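Written below as structure tokens is the structure these notes are about.
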Number of protein chains: 2
Amino acid sequence: MSATIRERRNTAQKEAVCRELTAADGFISAGELHQRLRDEGSAVGLATVYRQLNALVDIGRADAIPVPGGQLFRACEQGGHHHLVCEDCGTAVDIDPPDEEWIRATAERSGVTVTRHILEVFGRCGACPAE
Amino acid sequence: MSATIRERRNTAQKEAVCRELTAADGFISAGELHQRLRDEGSAVGLATVYRQLNALVDIGRADAIPVPGGQLFRACEQGGHHHLVCEDCGTAVDIDPPDEEWIRATAERSGVTVTRHILEVFGRCGACPAE
DNA sequence: ATGCGTGCAAACGATTTGCAGAGAA
DNA sequence: TTCTCTGCAAATCGTTTGCACGCAT
């Protein structure tokens, strides 16, 4: 079991998924990404989208957060992930990082070495009707 | 659409699920909870476990957090969800709430009313081999 | 007795995987 | 040409739901 590095060929689909993920300014579901790709003209299979997305997560170029009914993906950014997500329209806004120090310190206190953290704040933005 | 309060009869299963959820000192999956119930002698159906769990979430007595491959439940606590998850063994530890004030203030500044927030900190706990 | 709650199994929706063909190196 | 990547569709897996019966009220 050698730490063989998987071959990585360049394909249009690979690039398409990567580009669309980056274009999506925030988290996006695999299905949604697939749909956008279609609309855009790139006929990429859903399975490929998933495979590509997972590959990106594996190599650390993307992050996945689980949500009820599936998961959302996002192009990786360094450091933690901090977003303000409107539960209604799905708009995600970046927010400034909070007490990163605090997080690390707390984790270490529990004997855990922090590798990454995600802060998701859900709410309803002003543009959306109040239910 | 009246705020009709659903009937709530007392049943052994209902109590069992509730008790087991409370007994679980942390997050637990529906399947795991179901298994424990079985081991304990309570023959509760998996569907019922789900129904009960969802009901508890609905009335705010439990919280569900989505994880890859499903969701985890936990007896409700006030405030947001904060845990420290070991990426290796999956152990989740509660951590004290950070700057809740900061979060709310930041959100409001963007015109967003916060409904809930989740802070996920990933790392590797001391009990797990360093890769 | 009446109607909610339960159990079973089928239904569902998201994600994964097997296999044969297409394209990158 | 060789071998990885893709597409399609079937297979999985967690979760939900329809239906008939039992039990709490």
Side-chain angles (χ1 to χ4, degrees), chain A residues 2-21 24 27-59 61-74 90, chain B residues 2-21 24 27-59 61-74 85 90 92:
Chain A
S2 53
T4 307
I5 291 150
R6 293 176 213 300
E7 307 277 332
R8 300 204 167 275
R9 294 184 178 181
N10 275 334
T11 66
Q13 295 88 331
K14 196 167 294 193
E15 221 170 273
V17 171
C18 215
R19 146 195 301 255
E20 201 60 49
L21 180 62
F27 288 93
I28 185 175
S29 69
E32 172 72 15
L33 182 52
H34 177 241
Q35 191 54 59
R36 292 195 189 178
L37 246 25
R38 293 248 145 167
D39 296 342
E40 209 179 63
S42 314
V44 182
L46 179 56
T48 297
V49 171
Y50 274 108
R51 274 189 283 235
Q52 206 45 50
L53 246 22
N54 286 330
L56 288 172
V57 170
D58 275 351
I59 63 176
R61 292 197 42 194
D63 275 301
I65 69 167
V67 294
Q71 23 181 15
L72 297 178
F73 299 86
R74 184 203 155 110
Chain B
S2 55
T4 307
I5 292 150
R6 295 175 212 300
E7 307 276 331
R8 305 207 165 272
R9 294 184 178 182
N10 275 333
T11 66
Q13 295 87 331
K14 196 167 292 192
E15 220 169 273
V17 171
C18 214
R19 147 196 301 254
E20 201 61 48
L21 180 62
F27 289 93
I28 184 175
S29 69
E32 172 73 15
L33 182 51
H34 177 242
Q35 192 53 61
R36 291 194 189 177
L37 247 23
R38 292 248 146 165
D39 296 341
E40 209 178 63
S42 312
V44 182
L46 179 56
T48 297
V49 171
Y50 274 107
R51 275 190 281 236
Q52 218 31 241
L53 246 21
N54 286 331
L56 287 172
V57 171
D58 274 351
I59 63 176
R61 291 196 44 194
D63 277 302
I65 68 166
V67 294
Q71 23 182 13
L72 296 179
F73 299 86
R74 183 202 155 109
V85 185

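Residue numbers begin at 1 in each chain, while the letters A, B, ... track the order of the sequences. All values below come from the heavy atoms of this structure, side chains included, with hydrogens, waters and symmetry mates left out. Just so you know, these numbers come straight off a predicted model, no measurement behind them.
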Between [N] atom [atom2] and [X] atom [atom1], what is the distance in whole Å?
X     : N      : atom1 : atom2 : answer
A:Q13 : D:dT4  : CD    : P     : 17 Å
A:E15 : C:dA24 : CD    : P     : 11 Å
A:F73 : C:dT16 : CZ    : C1'   : 12 Å
A:Q71 : D:dG14 : CD    : P     : 14 Å
B:K14 : C:dG7  : NZ    : C1'   : 15 Å
B:N54 : D:dG14 : CG    : C1'   : 12 Å
A:Q52 : D:dG7  : CD    : P     : 10 Å

Exercise. Return the set of residues passing side-chain hydrogen bond (donor to acceptor under 3.5 Å, both in side chains) with B:R36 (not counting sequence neighbours), or none when no residue passes.
Key: B:E32
Self-check item: Side-chain heavy-atom pair B:E20, B:S42 within 4.5 angstrom cut-off
Solution: no
Quiz item: Does any N or O in the side chain of A:H34 come within less than 3.5 Å of the main-chain N or O of A:G45, such that one atom is a donor and the other an acceptor?
Solution: no
For [X] against [Y], the heavy-atom pair lying closest together:
X     : Y     : answer
A:A30 : A:V49 : O-CG1, 3.8 Å
A:A16 : A:V44 : CB-CG2, 4.5 Å
A:L46 : A:G31 : CD1-CA, 4.5 Å

Set out, line by line, the N/O atom pairs under 3.5 Å between protein and nucleotides 18-22 of chain D.
from, atom 1, to, atom 2, distance (Å)
D:dG18, O6, B:R51, NH1, 3.4

Quiz prompt | Partner set under side chain to side chain contact (heavy atoms under 4.5 Å, CB included) for B:A62, not counting sequence neighbours | solution = B:L21, B:L56, B:V57
Quiz prompt | Partner residues of B:Q35 under the side chain to side chain contact (heavy atoms under 4.5 Å, CB included) criterion, sequence neighbours left out | solution = B:R38, B:D39
Quiz item: Would you find more than 12 non-hydrogen atoms of other residues, nucleotides or ligands less than 6.0 Å from B:E15 atom CD?
Solution: no
Quiz prompt | Close approaches to DNA chain D from residues 31-46 of chain A, in residue order (heavy atom, under 4.0 Å) | solution = A:A43, A:V44, A:G45
Exercise. Ignoring backbone atoms, establish whether B:T11 has a side-chain N or O less than 4.0 Å from OP1 or OP2 of D:dA24.
Key: no
